[in-house]
Asker: 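The structure is given below, and queries will be raised subsequently.
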Protein chains: 2
Amino acid sequence: MAGRHRTFEEAIVLKKASEVFWAKGYESTTTEDLLKAMHLNKGSLYNAFGNKKSLFQQVVNFHATNLFLDLDQRIKGSVHPIQVIKELFREVCDPEDPAMHEKGCFFGNAVSELASIDKELERMAVEKLRTLESFFEKALEQAKDLNQWSGDTKTTARYLITIWNGVNVTRRMYPRRSDLEPSLRMSLQVLDNK
Amino acid sequence: MAGRHRTFEEAIVLKKASEVFWAKGYESTTTEDLLKAMHLNKGSLYNAFGNKKSLFQQVVNFHATNLFLDLDQRIKGSVHPIQVIKELFREVCDPEDPAMHEKGCFFGNAVSELASIDKELERMAVEKLRTLESFFEKALEQAKDLNQWSGDTKTTARYLITIWNGVNVTRRMYPRRSDLEPSLRMSLQVLDNK
DNA sequence: GCCATTTTATACTAATTGGTCAAAAACTAC
DNA sequence: GTAGTTTTTGACCAATTAGTATAAAATGGC
């Protein structure tokens, strides 16, 4: 294949784009915002990613792939799958970067914003949240096999994704860990069923 | 005071505006959308409500006033405050109009959308969600006084607002009542503490 | 009836939007 | 080196945006 090489790394510029979309949402992010963050020119962006919607779809997939790869790795080897779930929620309530609080969950944000705006993009974000739910389910099943937990896995997984969606809004109301911890502890009591 | 009278009812046009903002969010709602829904001309709208942001603020207050008036009434006379909370969540999971699912919670949507866009509007929506949380708290205290429930009211109220924020996203993932009910039942088990 | 005041209607504006285009630059294959 | 292909660059465009200006219509006090 002949022709000039790309001067940018796809993973790097997609990461940059995801930060902008994550913070500002889909509609409020302008092409100008993206160009600046990705250090690209207009032609390059449209040549490489098509258009704004297509870029967003690729960003969603990129973000999801990274997240679920990490989650799978964490759960795969673990002998304490319940702990993996708990740690995940702890990270949400007490992130290294406190600015994460105002960003919430990328997929949850997308669902909220796009539900009445763009059904195709909404369905895509919904699908990613469902994948996250299925990760919870997998972890619970694993814990069950290890006799570390008992309960209805499907119902509990759906309960957990609801807690997930919830804390990602509530953390904007109360960005301080100490304001979130007691109710989070209450939320996760279902994980202590032996 | 001389001059021509208004030909529109403020409450009616604010209701119309709230439906548009609720469905499409703040940024994606155009003045054209508002004008069409409110059956107003541009001049009338800007004369009566200032600008888009000011209109949004008035809509948020209008929506909140109506909601909290209704909630206060429901709880005021009730001898079963726990039931009032449960009914509220049932209505969310099984609304008369199924299209409500994709609209979610007006305030939660606003928080998600505006957290990184407009701090002033976000704080306003956060404040309304806090008021809703304080309503939960009041109902729980009332139940406690009636010896119908025991527990930590503050923590449980914060837990409930998190469930509220959560189901208002999860309902977009699963608009069917039967897909939401089991996990909702699990969520509300804390209300059965005697 | 007349004047002051307000609402309504519509034309207009300046800025921003997502997206296109054409030419130059950089590269591969031969 | 040259032809052919791709990426980069930046100017350009049509549509849409929130908001303004101006004039006509409607109202109330006198």
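Convention: sequence-line order gives letters A, B, ...; per-chain numbering from 1.
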Asker: What's the CG-C1' distance between B:L55 and D:dA18, to the nearest Å?
Answerer: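 Rounded to whole Å, this separation is 13 Å.
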Asker: Go nucleotide by nucleotide along DNA chain D from the 5' end; which of B:T7 and A:L40 gets its closest nucleotide reached first?
Answerer: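 Its nearest nucleotide being more 5', the pick is A:L40.
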Asker: Less than 4.5 Å apart, side chain to side chain, heavy atoms only: is that true for A:F56 and A:D118?
Answerer: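 Heavy-atom side-chain distance check fails, nothing below 4.5 Å.
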Asker: Rounding to a whole Å, what distance do you find between B:K36:NZ and D:dT16:C1'?
Answerer: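 B:K36 atom NZ is separated from D:dT16 atom C1' by 13 Å.
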Asker: Over how many whole Å does the gap from A:E10 atom CD to D:dT8 atom P extend?
Answerer: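 Going from A:E10 (CD) to D:dT8 (P), I get 12 Å.
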Asker: Rounded to the nearest Å, what distance is computed from the CG atom of residue B:N47 to the C1' atom of nucleotide D:dT22?
Answerer: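 It works out to 14 Å between those atoms.
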Asker: Give a yes/no on whether any side-chain N or O of A:N41 is located under 4.0 angstrom from OP1 or OP2 of D:dT8.
Answerer: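 No, because none of the side-chain N or O atoms of A:N41 sits under 4.0 Å from OP1 or OP2 of D:dT8.
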Asker: Which residue in the set B:T29, B:D33, B:N109 passes side-chain hydrogen bond (donor to acceptor under 3.5 Å, both in side chains) when paired with B:K24?
Answerer: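 Looking at B:T29, B:D33, B:N109, the match for B:K24 under the side-chain hydrogen bond (donor to acceptor under 3.5 Å, both in side chains) is B:D33.
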Asker: Whole angstroms only, please: what is the CE-C1' distance between A:M38 and D:dT7?
Answerer: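 Taking CE of A:M38 and C1' of D:dT7, I get 15 Å after rounding.
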Asker: Compare all side-chain heavy atoms of B:R172 with those of A:S112 and state whether any distance is below 4.5 angstrom.
Answerer: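 They are in side-chain contact.
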Asker: Whole angstroms only, please: what is the NE2-C1' distance between A:H39 and D:dT9?
Answerer: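 Roughly 17 Å, once rounded to whole Å.
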Asker: What I want to check is whether the side chains of B:S150 and B:N193 have a donor and an acceptor closer together than 3.5 Å.
Answerer: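 No donor-acceptor contact under 3.5 Å links the two side chains.
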Asker: What residues, two or more places apart in sequence or in another chain, satisfy side-chain contact (heavy atoms from CB on, under 4.5 Å) together with A:E27?
Answerer: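 Partners of A:E27 by the side-chain contact (heavy atoms from CB on, under 4.5 Å) criterion, ordered by chain and then number, come out as A:E113, A:I117, B:S28.
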Asker: What integer distance in Å separates A:L45:CG from D:dT8:P?
Answerer: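 To the nearest whole Å, that distance equals 11 Å.
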Asker: Figure out the CG/P separation between A:L35 and D:dC12, and round it to whole Å.
Answerer: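 Result: 18 Å.
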Asker: Determine which pairs satisfy ring pair (Phe, Tyr, Trp, His ring centres under 6.0 Å) with at least one residue from residues 58-89 of chain B, sequence neighbours left out, and list them in order.
Answerer: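 Residue pairs with at least one partner in residues 58-89 of chain B: B:W22-B:H63, B:H63-B:F106, B:H63-B:F107, B:F89-B:F136, B:F89-B:W164.
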Asker: Using a 4.5 Å cut-off on heavy atoms from C-beta on, say whether the side chain of B:M186 contacts that of A:R158.
Answerer: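 A side-chain contact is absent here, since even the closest heavy-atom pair is not under 4.5 Å.
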Asker: Under 4.0 Å between a side-chain N or O of B:S44 and OP1 or OP2 of C:dT8?
Answerer: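 B:S44 to C:dT8 OP1/OP2: side-chain N or O found under 4.0 Å.
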Asker: Measuring to OP1 and OP2 of D:dT5, would you say a side-chain N or O of A:H5 lies under 4.0 angstrom away?
Answerer: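 Looking at the OP1 and OP2 atoms of D:dT5, neither is under 4.0 Å from any side-chain N or O of A:H5.
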Asker: Would you tabulate the nitrogen or oxygen pairs shorter than 3.5 Å linking the protein to nucleotides 17-20 of chain C?
Answerer:
residue, atom, partner, partner atom, Å
C:dG18, OP1, A:T29, O, 3.2
C:dG18, OP1, A:K52, NZ, 3.0
C:dG18, OP2, A:T31, N, 2.8
C:dG18, OP2, A:T31, OG1, 2.8
C:dG19, OP2, A:Y46, OH, 3.1
C:dG19, OP2, A:K52, N, 3.0
C:dG19, N7, A:K42, NZ, 3.3
C:dG19, O6, A:K42, NZ, 2.4

